[in-house]
Amino acid sequence: MEKSFFEAVWDVVEKIPTGRVCSYGAIAHYLSTPKAARMVGWAMNASHSAKRAIPAHRVVNRLGILSGKQHFGQLDLMEKLLTNEGLIIENDKIVNFEEKFWNPSIEL
DNA sequence: GGGTTGACGTGCC
DNA sequence: GGGCACGCCAACC
């Protein structure tokens, strides 16, 4: 019973340290499928069905934009969560994105 | 098996 | 610098 892509993505996402963020592309690249960044986002969409709690708010696109905030129910929720973890959000974008960026390929 | 989808990324205008 | 079009690949119907 091999883990599906979703589970593999979730496994990586839930390892993102608090106060750190990651991009879909970085996760996809870590899974040796750099072109499949869209699948990571899709896995996030399916994270609601996951048994474990997936910190999907720590996953943004490569620009550090909270592209998936509309999937959190409240548009303020994702930003609020990240801000609560010490990140700086401005116009739905992480200001200190590069500073807080967490690359699984390097740090994991 | 085939077409559609999607919380992306890159390139081009 | 912002916006649009194409590509990419796995899951879903």
S.K.: If you look at every heavy atom in R58(A) and L82(A), which pair is closest and at what distance?
M.R.: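 That would be CA-CD2, 4.1 Å.
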S.K.: Where the side chain of W102(A) meets the backbone of P17(A), is there a donor-acceptor pair that is under 3.5 Å apart?
M.R.: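 No; zero donor-acceptor contacts below 3.5 Å.
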S.K.: Mind checking A46(A) for me? I need base, sugar-phosphate or nothing, with any heavy atom below 4.0 Å counting as a touch.
M.R.: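 The answer is nothing, as A46(A) stays clear of every strand by at least 4.0 Å.
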S.K.: Between C1' on dC8(B) and CG on L66(A), what's the gap in Å once rounded to a whole number?
M.R.: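 In whole Å, dC8(B) C1' and L66(A) CG are 15 Å from each other.
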S.K.: Could you go through nucleotides 9-13 of chain B and list every protein N or O atom that sits under 3.5 Å from one of its N or O atoms, giving the distance for each pair?
M.R.:
{"from": "dG9(B)", "atom 1": "OP1", "to": "G25(A)", "atom 2": "N", "distance (Å)": "3.2"}
{"from": "dG9(B)", "atom 1": "OP1", "to": "R62(A)", "atom 2": "N", "distance (Å)": "3.2"}
{"from": "dG9(B)", "atom 1": "OP2", "to": "R62(A)", "atom 2": "N", "distance (Å)": "3.0"}
{"from": "dT10(B)", "atom 1": "OP2", "to": "R62(A)", "atom 2": "NE", "distance (Å)": "2.8"}

S.K.: Starting at CG of D92(A) and ending at C1' of dA7(B), how long is that distance when rounded to a whole Å?
M.R.: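 Atom-to-atom, D92(A) to dA7(B), this comes out as 13 Å.
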S.K.: Measure from the side chain of F6(A), starting at C-beta and using heavy atoms only, and say which of dC9(C), dC12(C), dC8(B) lies closest.
M.R.: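 Within the option list, the nearest is dC12(C).
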S.K.: Has the side chain of R38(A) got a donor or acceptor atom sitting under 3.5 Å from an opposite partner on the base of dC8(C)?
M.R.: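 Such a pair is found, so the answer is yes.
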S.K.: Would you kindly give the NZ-to-C1' distance between K35(A) and dC8(B), to the nearest whole Å?
M.R.: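 Checked: the NZ to C1' distance equals 13 Å.
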S.K.: Does the side chain of H57(A) come under 3.5 Å of the side chain of E79(A) through a donor N or O and an acceptor N or O?
M.R.: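 Per modelled atom types, H57(A) and E79(A) side chains form no pair under 3.5 Å.
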S.K.: Using whole Å, report how far CD of E7(A) lies from P of dA10(C).
M.R.: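 Going from CD in E7(A) over to P in dA10(C) covers 16 Å.
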S.K.: Give the nucleotide from the list dA7(B), dA10(C), dC8(B) with an atom nearest to the side chain of H48(A).
M.R.: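 When the side chain of H48(A) is considered, dA7(B) is the closest of dA7(B), dA10(C), dC8(B).
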S.K.: Specify the separation, in whole Å, of atom CD1 of I65(A) and atom P of dG1(C).
M.R.: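 For the pair I65(A) CD1 and dG1(C) P, the rounded distance is 13 Å.
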S.K.: In this structure, which one of E107(A), E99(A), E98(A) forms a salt bridge (charged side-chain N to carboxylate O under 4.0 Å, His left out) with R20(A)?
M.R.: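 Looking at E107(A), E99(A), E98(A), the match for R20(A) under the salt bridge (charged side-chain N to carboxylate O under 4.0 Å, His left out) is E107(A).
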S.K.: Minimum heavy-atom separation for A26(A) to F101(A), with atom names?
M.R.: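 Looking at all heavy atoms of both residues, the shortest contact is CB-CZ, 3.7 Å.
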S.K.: Could you tell me whether E85(A) and K100(A) have a side-chain N and a carboxylate O separated by less than 4.0 Å?
M.R.: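 So E85(A) does not pair with K100(A) through a salt bridge.
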S.K.: Mind calculating the distance between CZ (F5(A)) and P (dA11(C)) to the nearest angstrom?
M.R.: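 Answer to the nearest Å: 7 Å.
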S.K.: Is S47(A) near enough to dA7(B) that one of its side-chain N or O atoms lies under 4.0 angstrom from OP1 or OP2?
M.R.: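 Checking dA7(B) against S47(A), no side-chain N or O comes under 4.0 Å of OP1 or OP2.
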S.K.: Pairing donors with acceptors under 3.5 angstrom, does anything connect the side chains of R52(A) and S47(A)?
M.R.: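 No, S47(A) and R52(A) have no side-chain donor paired with an acceptor closer than 3.5 Å.
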S.K.: Take the protein atom CD1 of I27(A) and the nucleotide atom C1' of dC9(C), then report the distance between them rounded to whole Å.
M.R.: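 The distance from CD1 of I27(A) to C1' of dC9(C) comes to 16 Å, rounded to the nearest Å.
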S.K.: Using a 4.0 Å heavy-atom cut-off, does T33(A) contact any base of the nucleic acid, only the sugar-phosphate backbone, or nothing at all?
M.R.: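 T33(A): no heavy atom of the nucleic acid under 4.0 Å.
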S.K.: May I have the distance from K93(A) (atom NZ) to dG1(C) (atom C1'), rounded to whole angstrom?
M.R.: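 In whole Å, dG1(C) C1' lies 11 Å from K93(A) NZ.
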